[in-house]
Number of protein chains: 2
Amino acid sequence: MTDRIITLLIVDDHPVVRDGLRGMFASDPGFDVLGEAAGGVEAVELAQRLDPDVVLMDLRMPAGGGVQAIAELARRGTRAKVLVLTTYDTDSDTIPAIEAGATGYLLKDAPRGELFTAVRAAAEGRTVLSPAIASRLVSAVRNPAVPAAKVLSAREREVLELVARGTSNREIARELFISEATVKTHLTHLYGKLGVKDRAAAVAVAYDRGILG
Amino acid sequence: MTDRIITLLIVDDHPVVRDGLRGMFASDPGFDVLGEAAGGVEAVELAQRLDPDVVLMDLRMPAGGGVQAIAELARRGTRAKVLVLTTYDTDSDTIPAIEAGATGYLLKDAPRGELFTAVRAAAEGRTVLSPAIASRLVSAVRNPAVPAAKVLSAREREVLELVARGTSNREIARELFISEATVKTHLTHLYGKLGVKDRAAAVAVAYDRGILG
DNA sequence: AGGAGCATCAGCCGATCGGCTGATGGAGGG
DNA sequence: CCCTCCATCAGCCGATCGGCTGATGCTCCT
């Protein structure tokens, strides 16, 4: 199993990164890069057509988000294992990506050897995590997961976005065609979810968690 | 001038990106990659020792910021032209980097050909900017340059940081050993500088500009 | 000497916010 | 069918905020 050739699909919006990865894997006869995609939508399509063992996937892409692409692949029952390869260990998409079905999660600054090992592991279905990611995961699991009790609803996010622009409650109400009372309700709720007491702190926390910005 | 071999130094904290760039330039006999650095400090040192024509520099790096490295190179009168190669067109370091002495500014998703052209241009001392960056620059210049009228004082930043944590004016006053009236004065001033009307928007703008977060 | 910018303070007042209590209807899961 | 979550709305009230006007002392630069 370990000595079979592993086929790959590379998904990243940066040509430079795609080149780097392709070059890396080309130098090892144990791998075969079947194709490249620059966005999530294209990735899903190519994954179906080329049927690679492993998909190396960047998360932040203009043309179709990585997380959605992973979810879509899972929904279609694609055989390929998805190995997320991203720049940020602070990425707020870490947990969603894994929930969506990613087999592993590596940072781009991982050394070559680690990458190769990770791809082989992923091909066999084993989970691989960067140490930084792993530690974030365990702490995320330790803390009651933040299980949805802290996920803002779509409406709450809308309100929060307007708050970040300096919009008053009354103006928000007009903007969203709801009453001021409802705006205040949404605010009270999202304060609770974000663990803050006022709008300024809510905006700060939202930026820290990647909800805004 | 155009047909001399151009020597390069690659600076990026990601091995993958360094590989990608090295591979790209290796394929063209007109370029010679002298070395690689993973951080700003190392970059300055290598630039002095290797004396490349062009330094390809990432901005966001853990080991020594790119902007500081550029400034340091300029201070030392290094011959090398610095071509910033970054991921973000929203990067708040754009203008500082150019002020620090960068010859050009490209986004990583630029196609190969553009990169080659840009490096040759940079080697000749010509300025190269990604379209997105260029447009940001002109607008930055059109607006009176943000001339210091919009730079927060140290005290104002302190107040703003506390605001972002949800601290009330009274608490901020206690925290900083000043009166509540003074806190309000600082706030009024920084609202003016940031072009906002309330604390929530101030926090948002501060995050956008990299003042907070 | 004078101006600009910063940090400090005062008082007043209307606008806005946030907490509290309580309620309704719709959607989705068990 | 019941429960939960979401979105919607109401009214009350004290706390907080932001604008306005005006003032002092300090430092740095011209």
Side-chain angles (χ1 to χ4, degrees), chain A residues 71 75 95-96 99-100 144-207 209 211-212, chain B residues 144-207 209 211-212:
Chain A
R75 205 182 61 73
I95 284 102
E99 279 174 350
V146 198
K150 290 198 176 178
V151 178
L152 300 192
S153 73
R155 205 50 158 171
E156 286 160 357
R157 255 194 305 279
E158 273 186 286
V159 171
L160 184 54
E161 273 165 31
L162 290 170
V163 163
R165 296 205 196 107
T167 322
S168 76
N169 291 350
R170 188 169 309 166
E171 287 167 332
I172 293 172
R174 266 201 287 272
E175 191 96 15
L176 299 182
F177 304 105
I178 58 182
S179 83
E180 205 180 325
T182 305
V183 173
K184 290 176 68 174
T185 305
H186 288 314
L187 279 175
T188 303
H189 287 162
L190 72 86
Y191 290 161
K193 290 180 179 179
L194 297 181
V196 300
K197 289 172 53 213
D198 64 50
R199 40 181 64 212
V203 169
V205 169
Y207 268 90
R209 301 200 188 162
I211 301 171
L212 288 179
Chain B
V146 199
K150 292 198 175 177
V151 178
L152 299 192
S153 74
R155 205 52 159 172
E156 286 159 357
R157 256 194 306 278
E158 275 186 283
V159 171
L160 183 53
E161 274 165 30
L162 290 169
V163 164
R165 295 204 196 106
T167 320
S168 76
N169 291 349
R170 189 169 306 166
E171 288 167 332
I172 293 172
R174 267 201 288 273
E175 191 95 14
L176 300 181
F177 303 106
I178 57 182
S179 83
E180 203 179 326
T182 305
V183 173
K184 290 176 70 175
T185 304
H186 287 315
L187 280 176
T188 302
H189 287 161
L190 72 85
Y191 289 161
K193 290 180 179 179
L194 297 181
V196 300
K197 289 173 53 212
D198 64 51
R199 41 182 64 213
V203 169
V205 170
Y207 269 89
R209 301 201 187 163
I211 300 171
L212 288 179

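So you know, we letter chains A, B, ... as the sequences are listed, proteins then strands, and number each from 1.
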Could you state the atom-to-atom distance from [atom1] of [X] to [atom2] of [N] in whole Å?
X: Tyr191(B); N: dT16(D); atom1: OH; atom2: P; answer: 15 Å
X: Arg199(A); N: dG18(C); atom1: CZ; atom2: C1'; answer: 9 Å
X: Leu190(B); N: dC6(C); atom1: CG; atom2: P; answer: 12 Å
X: His186(A); N: dA7(D); atom1: NE2; atom2: C1'; answer: 5 Å
X: Arg155(B); N: dC9(C); atom1: CZ; atom2: C1'; answer: 13 Å
X: Glu180(A); N: dC12(D); atom1: CD; atom2: P; answer: 14 Å
X: Asn169(B); N: dG18(C); atom1: CG; atom2: P; answer: 13 Å
X: Lys184(B); N: dC9(C); atom1: NZ; atom2: C1'; answer: 12 Å

For the side chain of [X] and the base of [N], is some donor closer than 3.5 Å to an acceptor across the two?
X: Thr185(A); N: dC9(D); answer: yes
X: Lys197(A); N: dG18(C); answer: no
X: Ser168(B); N: dC17(D); answer: no

| Among dC9(C), dC9(D), dG18(C), which is the nearest nucleotide to the side chain of Ile178(B)? |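 The nucleotide sitting nearest to the side chain is dC9(C).
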| task | Kindly point out which of dA10(C), dA10(D), dT16(C) is positioned nearest to the side chain of Arg170(A)? | result |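 Of the options given, the side chain of Arg170(A) lies nearest dT16(C).
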Backbone of [Y] reached by a side-chain donor or acceptor of [X] within 3.5 Å:
X: Thr188(A); Y: Lys184(A); answer: yes
X: Arg157(B); Y: Leu152(B); answer: yes
X: Tyr191(A); Y: Arg199(A); answer: yes

| task | Ignoring backbone atoms, establish whether Thr182(B) has a side-chain N or O less than 4.0 Å from OP1 or OP2 of dT8(C). | result |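 For dT8(C), neither OP1 nor OP2 has a side-chain N or O of Thr182(B) closer than 4.0 Å.
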| query | Under 4.0 Å: is that the gap between some side-chain N or O of Ser153(B) and OP1 or OP2 of dA7(C)? | reply |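 Yes, within the criterion.
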| query | Does the side-chain contact (heavy atoms from CB on, under 4.5 Å) test come out yes or no for Val203(B) and Val163(B), once each step is laid out? | reply | CA-CA 8 Å; Val203(B) 169; Val163(B) 164; 4.0 Å; yes
| Salt-bridge criterion met for Glu171(A) and Arg174(A) (N-O under 4.0 Å) |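 Salt bridge: no.
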| said: For a quick check of understanding: with a heavy-atom distance under 4.0 Å over all strands, which category does His189(B) fall into, base, sugar-phosphate or nothing? | reply: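 Nothing, no heavy atom under 4.0 Å.
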